[in-house]
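Beneath this line is the structure, given in structure tokens, with notes to follow.
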Amino acid sequence: MKIGVFICHCGENIGRTVDCVRVAKACSFFPNVVHSVEYKYMCSDPGQNMIKQAIKDLKLDGVVVGSCSPHMHEKTFRKAVSDAGVNPFLCEIANLREHVSWVHDDKEVATDKAIDLMRFAVEKVKRNAPLKTIQVPVTKRTLVIGGGIAGIQAALDVANAGYEVVLVEKEPSIGGHMSQLSETFPTLDCSQCILTPRMVEVYQHPKIKLMTYSEVEKVEGFIGNFKVTIRKKARFVDDTLCSGCGDCAIKCPIKKKALSEFDEKLAFRSAIYVPFPQAVPNIPVIDKEVCTYFKNGKCSMCVKVCGRNAIKFDQQDEFISEDIGAIIVATGYKLYTIDKKPEASEIKGYGEYGYGKYKDVVDGLQFERIASASGPTSGEFQRPSDGKTPKKIVFIQCVGSRDESKGFSYCSKICCMYTAKHAMLYKHKVHDGEAYVFYMDIRAGGKMYEEFVRRAIEEDGVKYIRGRVSRIYEEDGKYIVKGEDTLAGVPIQIDADMVVLATAMVAQTDAPKLAQTIGMPYDNYGFYSEVHPKLRPVESSTGGVFLAGACNSPRDIPDSVAMASAAAAKALVLFGSDMLEREPTIAFVNENLCAGCFYCKKVCAYNAIEVKQIKDKNGNVIKEVAFVNSGLCQGCGTCNATCPSKAIELIGYTDEQIYAEIAALM
Amino acid sequence: MENKTFEPKIIAFVCNWCTYTGADLAGTSRMKYEPNVRLIKLPCTGRIDPVMILKAFEKGADGVLVSGCHPGDCHYNAGNFHARRRWIMFHKLLDFVGIDENRLHFSWVSASEGKKFVDVINGFVNKVKAKGPFEKYEKINKEFVING
Amino acid sequence: MQIGYYPGCSLSGTAKEYGKSVRAIFKQLDVELADVTDWSCCGATSGHVTSHKLAMALSARNLALAEKQGLKEIFAPCAACFGRLAVTKQELKNSPALKEEIEGIIEDKLNNTIEIINIIQLFQKIGKEKIAEKKVLDLKNLKAACYYGCLLVRPFNILHFDDAEQPTSFEELVKSTGAEVVEWNYKLECCGAAHSLPRKDIVVDLSKKILDDAMKHGANVLVVACPMCHSNLDMRQKNIIKANPGQKEIPVLYLSELIGLCLGLDNKQLGINLHTIDFNIRLKKNVEEEVAK
């Protein structure tokens, strides 16, 4: 084999701490290496041409590139090699940037390590086999998980392009957090007014199969070929019969036992309920926990009033299986828990703010409900404790955000804007009211955002105080807010009628569970990880899984919508061809060695191992051996490590290759 | 040269999806760590055959590190569970084959845990440094060469 | 039960009554206080503002002495001593280099394994049941505002005791004497601490707010667990009244004194007679009436 070695300086990124010339020189002495050079930018056109030219001139049949992480440019270099007529799988990458130059300071040591990594890669490539990518068909259907604004946008975009969508929402209605909002910044247009037409469009779209009150139970398969099991939770109402008249909810005698989730626990709802009047679908669900029938069987008022016999107390959860090609995850966020420490969490909560203890200390979403025309006060500003109009409101930003000691180090991004909006909405309705905002920094990056905040300060007279609040306590019906004005350098005390906490946006509690179901990565906060923060922001590293909205990181509506459309576009790219190329690094059975123990079959997570019968001329079965279904095998290699006779091997990561790498250490 | 401090050679078997990517993150975050570890990238910790670990010691490694996705987070659903089971069995054999269990470290580092990767590397390198070079197999190797 | 005891300087000076009552009640509760022999200053205020290492060395010396005595835990009734000892233990644990240096200064080795507990934790160890068992008087006429001050539950990341912002352990304990506890707002606010001498005006201002808030919420007694707090709230109360005509008095008891009353000890045994503000007769009479029944 004739191997060419190409060392990239990556501008100065590698060159600064790795002596690339010395590495190239050292590599030239490795057995089988016939060519070894370094260059400023190997990934650039001239760089790639160097590789192609060398392949041509020297008839190379193996290439090792020492550059950035293979996760970055492996595809680039494989393509270059392939363009020059060498099988792309005869190209290996040594990670000299992320694993060497960026993490070590000592040039000598870093260069030695770089040479070692190059030796590994050279030893490996010698044993690489030329491979062909595997072609698999694509199911052109999309699963969208989450029916908030991001999920709605993604579903509509994919459906409008002509492909079928299954939209799964765990709540009884789609709409998500956006449906709870009063007005939206920076335009102050009514949230429901712009959202509900979209919700209806989803409901009526012939290409969208809407499944509310449902959750994803199981995801099997791989990109282009997922098999998804969805649990349709029992609503105890037959959705094919219900006309959405609402009589059942009106007549339900349970009125004060359950707090409305939609109204953020500021109002009650009945046991049989639709979350809000504009709910889509407008089909109620029965809350088993509070319903008298489920408690003691004594009430069946809803059954009596339902003219269409739609109430079905014996309804069970249903499991529905769907064939899916692409998954768009848009599960959104929840708010940081302020009052008490969440289970199994390091977060302490802000006991000193009295949330949960004082009724008039509310969080951002609760204030949205108070401000909303569809809310419990019909949009009148009344404080929850006594219904009086608050004359002085204090808004506190960064409750849980940017605070490592009590919450999270990240910025929740939307709070500066929605606090300005809250204060503005309040001032518009209560002209003689006073609004104070305690802030750390005002982060109003976005189109018309800074102007919006300035408007709140300059036109509406909202008073901004730079500083943190140390304590809130009640005194004579007022809430004493003690804090610091860091610009004036004085402690400050405000006797407020109401306090609004801009709490952090956090990942959904069960976000890791869904990630594990799908098999995609998530970060320490529980937000789903993208492949690359800049260049591949809407793709999960799991093929065929795309991300939209606040499940990825705190995000406002315009960003979520843009991301949703981007995720939809990614799904459509996948649907652009009928067949899909897959990495050929899968398991392969040496039938002569296989003893037919089928341990491999037992450990395979993908059911990719089949039983193959070997017959003689007369058709008698001589022995049974394992056979790998190349469409199903994902290439994890567990079978390889399990096989007692080493008959099954993972192509690209064979024992021989790995032992060669180990031996190269010496 | 005699005064030169002992710099151990350590081989790490890591999975492509979690720990390798976590190491990439440590790089993009410009975190600094000990340079003694050489990563061998595998698709999954499920691919790791205990023989590879023995082989690494035989070839002169002073320590071996195995790291993959956290339980439940495996890209291949269950590969890391198989790795963990093998580890439990293999662990009991270490003493028999004459390897101090402190020379082998098993950990979970996810793709978002650049900091943890650094801590694992530094912690393990220091541990192996304290142990000194692993010479048992070197002797066997030499004898094998002489006799065989 | 035997427990290591680090009294600290205040308990034989300005807080003599705290020391007296602590010894009296723990005897009653069958707890043997084993004094750290030859103890010295803990390194509080004047120590740690002068030199970080001086403060560390002073505390470390006491810890080393206690270790030699074979003590596993030491109880420090003064909140400042408790804080200093606990902070020193943690800092030396975090930095082996610092530990080595301090060991050089004190010319002694330190295992650094001793547990340091405050008065509330000691009562928690003894258990409310024990107090109930030895209870002679029910203090139900007392409406107590429990004052934690700043040091009893802080710094939280070192002490890991109760909740730094909404602590409740003090109240729980006081409830076991039969006294009623009031919900109030100033239980963690600063009393002015060591400003007592150089900036009396600050102490007068801050301590007044504490007294006012306690009384406003119906308290007739303030309970504290720190000599500094006590001197500001009790001794400086005269100054507060002088500066604010019409200001009402409120007695300030140490937690140990309150428990002592419940165990049937008298004012003199507990040193309550040494306070600036009398623990007034009305309350005492009520307590006595209780005995008469």
Side-chain angles (χ1 to χ4, degrees), chain A residues 68-72 95 97-106 109-110 112-113 116-117 120 124 220 512-513 515-516 519-525 527 529 531 533 541-542 585 603-606 634-643 646 650 652-653 655 658-659 661-666, chain B residues 7 9-11 13 15-18 20-21 23-52 55-56 58-61 69-70 72-83 86 110-113 115-116 118 121:
Chain A
C68 52
S69 171
H71 290 164
M72 192 79 205
N95 190 342
R97 194 178 73 177
E98 281 83 349
H99 291 190
V100 184
S101 69
W102 277 350
V103 292
H104 304 309
D105 286 326
D106 187 317
V109 169
D112 287 346
K113 182 170 171 182
D116 274 358
L117 297 194
F120 275 29
K124 181 146 190 262
E220 295 161 292
K513 199 180 143 221
Q516 289 173 359
M520 63 174 173
Y522 54 99
D523 66 20
N524 292 351
Y525 303 118
F527 290 121
S529 311
V531 179
S541 67
T542 301
T585 44
V603 298
C604 181
Y606 299 94
Q634 295 298 300
C636 68
T638 303
C639 53
N640 192 161
T642 307
C643 179
K646 298 290 162 227
L650 181 62
Y653 295 94
D655 281 357
I658 294 163
Y659 292 154
E661 282 191 78
I662 295 168
L665 177 80
M666 291 310 292
Chain B
E7 290 297 337
K9 284 181 185 163
I10 294 172
I11 284 198
F13 296 102
C15 82
N16 176 43
W17 302 95
C18 289
Y20 192 89
T21 316
D24 276 3
L25 180 64
T28 38
S29 316
R30 310 295 200 276
M31 295 168 176
K32 305 291 172 203
Y33 56 85
E34 297 287 343
N36 308 62
V37 182
R38 305 287 179 263
L39 261 52
I40 292 184
K41 182 177 77 152
L42 299 167
C44 178
T45 45
R47 171 68 187 90
I48 299 168
D49 187 331
V51 178
M52 291 175 192
K55 206 83 177 169
E58 185 202 319
K59 294 291 176 193
C69 306
H70 286 268
D73 293 357
C74 179
H75 181 80
Y76 301 103
N77 301 345
N80 56 358
F81 288 130
H82 290 292
R86 272 180 223 135
S110 82
S112 63
E113 292 176 326
K115 175 78 178 64
K116 185 176 175 191
V118 170
I121 295 285

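Numbered from 1 within each chain, the chains take letters A, B, ... in sequence-line order.
Put simply, of B:Val51, B:Ile48, B:Asn16, the one with the most heavy-atom pairs under 4.5 Å next to chain A is B:Asn16. Ranked by non-hydrogen atom pairs under 4.5 Å with chain B, the options A:Ser529, A:Pro70, A:Ala515, A:Pro521 are led by A:Pro70. For the options B:Ala56, B:Ala78, B:Ala23, heavy-atom pairs under 4.5 Å to chain A are most numerous at B:Ala23. Of the residues considered (A:Leu650, A:Asn640, A:Thr542, A:Leu117), A:Asn640 shows the highest number of contacts with chain B, using heavy-atom pairs under 4.5 Å. Contact count versus chain B (heavy atoms, under 4.5 Å) is highest, among A:Cys636, A:Ser541, A:Gly637, for A:Cys636. Residue with the most contacts toward chain A among B:Ala26, B:Gly79, B:Pro35, B:Cys44: B:Pro35 (heavy-atom pairs, distance under 4.5 Å). In terms of heavy-atom pairs under 4.5 angstrom with chain B, the leader among A:Glu98, A:Lys124, A:His99 is A:His99. With chain B as partner, the option from A:Gly652, A:Ser101, A:Gly635, A:Cys639 having the largest number of non-hydrogen pairs under 4.5 angstrom is A:Gly635. The residue among A:Lys513, A:Gln634, A:His71 with the most heavy atom pairs within less than 4.5 Å of chain B is A:His71.
In terms of heavy atoms, A:Asp655 sits closest to A:Lys646 at OD2-CD, 3.2 Å. For the pair B:Thr45 and B:Arg86, the tightest heavy-atom approach, listed with the atom from each and the gap, is O-NH1, 4.1 Å. The heavy-atom pair separating B:Arg38 from A:Phe120 by the smallest distance is CB-CZ, 3.6 Å.
Counting only distance, with no hydrogens or angles, the side chain of A:Asp523 and the backbone of B:Ser112 share no donor-acceptor pair below 3.5 Å. Checked by atom type and distance alone, the side chain of B:Ser29 never pairs as donor or acceptor with a backbone atom of B:Met31 at under 3.5 Å. In this structure, B:Lys32 contributes its side chain and B:Val118 its backbone to no donor-acceptor pair below 3.5 Å. Listed for the B:Arg47 side chain is a donor-acceptor partner under 3.5 Å among the backbone atoms of A:Tyr653.
Within the 4.5 angstrom heavy-atom criterion, only side-chain atoms of A:Val109, from C-beta onward, approach chain B. In this structure, no portion of A:Thr585 lies under 4.5 Å from any heavy atom of chain B. Residue B:Leu25: no heavy atom, backbone or side chain, is found under 4.5 Å from chain A. Neither the backbone nor the side chain of B:Phe81 comes within contact range of chain A; no heavy atoms are under 4.5 Å apart. If you measure heavy-atom distances from A:Asp106 to chain B, you find no contacts under 4.5 Å at all. Heavy-atom distances place both the backbone and the side chain of A:Ala605 under 4.5 Å from chain B. With a 4.5 Å cut-off on non-hydrogen atoms, A:Tyr522 touches chain B through its backbone and its side chain both.
By the 30° and 60° cut-offs, the orientation of the rings of B:His75 relative to B:Trp17 is parallel.
In this structure, CG on A:Asn95 lies 4.0 Å from OH on B:Tyr20, to the nearest 0.5 angstrom.
With a 4.5 Å cut-off on side-chain heavy atoms, A:Gln516 and B:Asp73 count as touching.
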